There are 2 protein chains.
Amino acid sequence: MLTEERHRIILELLAEKGVVKLQELVEATNSSESTIRRDLTQLEKEKKLRRIHGGATVLQKKREELSVLEKSTKHRQEKKQIAEYAASLVQNGDCIYLDAGTTTLEMIPHLYDKDIVVVTNGIMHLDMLLEYDIPTYLLGGFVKKKTKALIGRGALQALQSYSFDKCFIGANGVHYEYGYTTPDPEEAMVKHTAIQLSQKAYVLADHSKLNESAFSKIAELHEAVLITDDLAEEWLEPYKAKTTVEVVTK
Amino acid sequence: MLTEERHRIILELLAEKGVVKLQELVEATNSSESTIRRDLTQLEKEKKLRRIHGGATVLQKKREELSVLEKSTKHRQEKKQIAEYAASLVQNGDCIYLDAGTTTLEMIPHLYDKDIVVVTNGIMHLDMLLEYDIPTYLLGGFVKKKTKALIGRGALQALQSYSFDKCFIGANGVHYEYGYTTPDPEEAMVKHTAIQLSQKAYVLADHSKLNESAFSKIAELHEAVLITDDLAEEWLEPYKAKTTVEVVTK
DNA sequence: GAAAAATCAACCAAAATCATTTAAAAATAA
DNA sequence: TTATTTTTAAATGATTTTGGTTGATTTTTC
């Protein structure tokens, strides 16, 4: 049996039981005692487990790893606040469109228990929506590997057969002159179409997106309400002149 | 044996087992040790696998998916064999439809490195297809929580805009009188439509499905080739009278 | 607390695996 | 066809892995 394989088995067994005896591992892997000892020493050095007399236990710092993940996205706090506010705009009976993107993803936990129907083009969103038992329709189309978003002709066509009370769109750039923008033209098309099909459209963008612009235009400023978190009034002036701006305060 | 073919075999074996010993590969390809070594070195550089002492393993990402598969379901061995055979029917350049379902899911590792386009209605399938870098289109529509399959009007409509060289469908019942069946009428509709849109249609069903029938009819027997694993000739007689049956031997 | 049992780290030599070089065979190009 | 490149197989010695043994250390038992 290969070292790698053994290590996997050890860690799996460990995750399952919390503690393992050396002897168990010897049996489970058909290896000698000294081999297992060496494995344990190595895995301990890699911080995958902690050795104890007679075997090994899991580390207690699972939590830390999770919190590291939590922090992974930038401006997470701001995004969360924006998302929570946006979710509060959703009312029972609404049929909403959720655009793929990390900010809109954060909305989902706050949609729990609302009596709504959601349409989305984000596979990541879908998984979470199902977890929260929210009835969901997915657009069809080509799957963009990097973002797991549905784009292209198929997505547009699928979109045409719906109409929404509200839509919530993410944008990479918000500029008082160039409007809402995003890098991928195909995604921009989908976002734009969703906005057009909605009674009320919202773009979610934290302050780092303000005065930035990306390659493809999604829509003009006036076509959607901007939800952001910046507090400096002077920065917002040019936007307020052109559209409704909802500012989420801390 | 051509290099390319060897590489395909290596990656397939790897996708199936998660880890392979160098010696296994030597046997599987009838090549020398040094040849395999060179292959492994090259494939590692291409980030298709990771070398370890004594062989190679899949990359970390794919590992998780494999473990999901491991745990899934009864008759796994049979399903695997059926799936592997089905995958062998897929040729470069094909555009195929993969129905949601555990058996068709098993096909995916064997599709690795083939030059194909896949359309599916299974979210689980999608995730795995992306991992294996296979260009994928997803049907739209309502998401059935339990099976993570796309069904309903939206899915049917999305389906209409494609046509396939081959489709691979799962069925819960195969009966010489009632044909292919499945419990959910909405799913049955999708499956039936896919069959109609394909040049060549295959239904994948292990022997436990034979002579069973479920609520909703997918199609008549003659509309699709049956791929199964039962060996008892007398059981197969009535089916062979009505359609082509491909029996996967052990 | 002392003896017995279990577990440990450290070491060893055998076996397996490795990278590299060599030369033959096969595929490709001119 | 010949020349050139690619692919393969075998041989080399270096490196890694392995199972067993040692005596030291820890845990258990009385």
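Nothing here was measured: the structure is a model prediction, and the numbers come from that model.
Of the N and O atoms on the side chains of His53(B) and Thr3(A), not one donor lies less than 3.5 Å from an acceptor on the other residue. Thr181(B) and His175(B) are not linked by any side-chain donor-acceptor pair at a separation below 3.5 angstrom, with hydrogens and angles left out of the test. For the residue pair Asn211(B)/Tyr239(B), the side-chain donor-acceptor check at 3.5 Å is satisfied.
Using cut-offs of 30° and 60° on the angle between ring planes, the pair Tyr202(B) and Phe168(B) is parallel.
Nearest nucleotide to the Arg6(B) side chain, out of dT8(D), dA9(D), dC8(C): dT8(D). Listed nucleotides dA19(C), dT8(D), dT18(D) differ in distance to Ser32(B); the shortest reach to its side chain belongs to dT8(D). Side-chain proximity of Ser31(A) to dG19(D), dA9(C), dA19(C): nearest is dG19(D).
The phosphate of dA19(C) has OP1 or OP2 within less than 4.0 Å of a side-chain N or O from Arg51(B).
Rounded to a whole Å, the CZ atom of Arg38(A) is 14 Å from the P atom of dC8(C). One interatomic measurement links the two molecules: CD1 of Ile36(B) to P of dA19(C), which rounds to 14 Å at whole-angstrom precision. Atom pair Arg37(B):CZ and dA14(D):C1' shows a separation of 13 Å (rounding to whole Å applied). Regarding Met1(A), its CE atom lies at a distance of 10 Å from the P atom of dT18(D), rounded to whole Å. Rounded to a whole Å, the CD atom of Glu24(A) is 16 Å from the P atom of dA6(C). Rounding to whole angstrom units, CD1 of residue Ile52(B) and P of dT17(D) are separated by 10 Å. At whole-Å resolution of the value, CG in Leu22(B) and C1' in dT15(D) are 16 Å apart. Between Gln42(A) atom CD and dA9(C) atom P there is a gap of 14 Å when expressed in whole angstrom units.
Residue-level contact check: Thr35(B) touches the backbone only, with heavy atoms under 4.0 Å from sugar-phosphate atoms and none from bases. Here Thr3(A) lies in heavy-atom contact (under 4.0 Å) with sugar-phosphate atoms only.
Mapping Ser34(A) and His53(A) onto DNA chain C by nearest heavy atom places His53(A) at the nucleotide closer to the 5' end. Projected onto DNA chain D by closest heavy-atom contact, Leu2(A) and Asp39(B) fall at different nucleotides, the more 5' of which corresponds to Asp39(B).
With respect to Asp94(B) and Lys114(B), no salt bridge is recorded, no charged nitrogen being found less than 4.0 Å from a carboxylate O.
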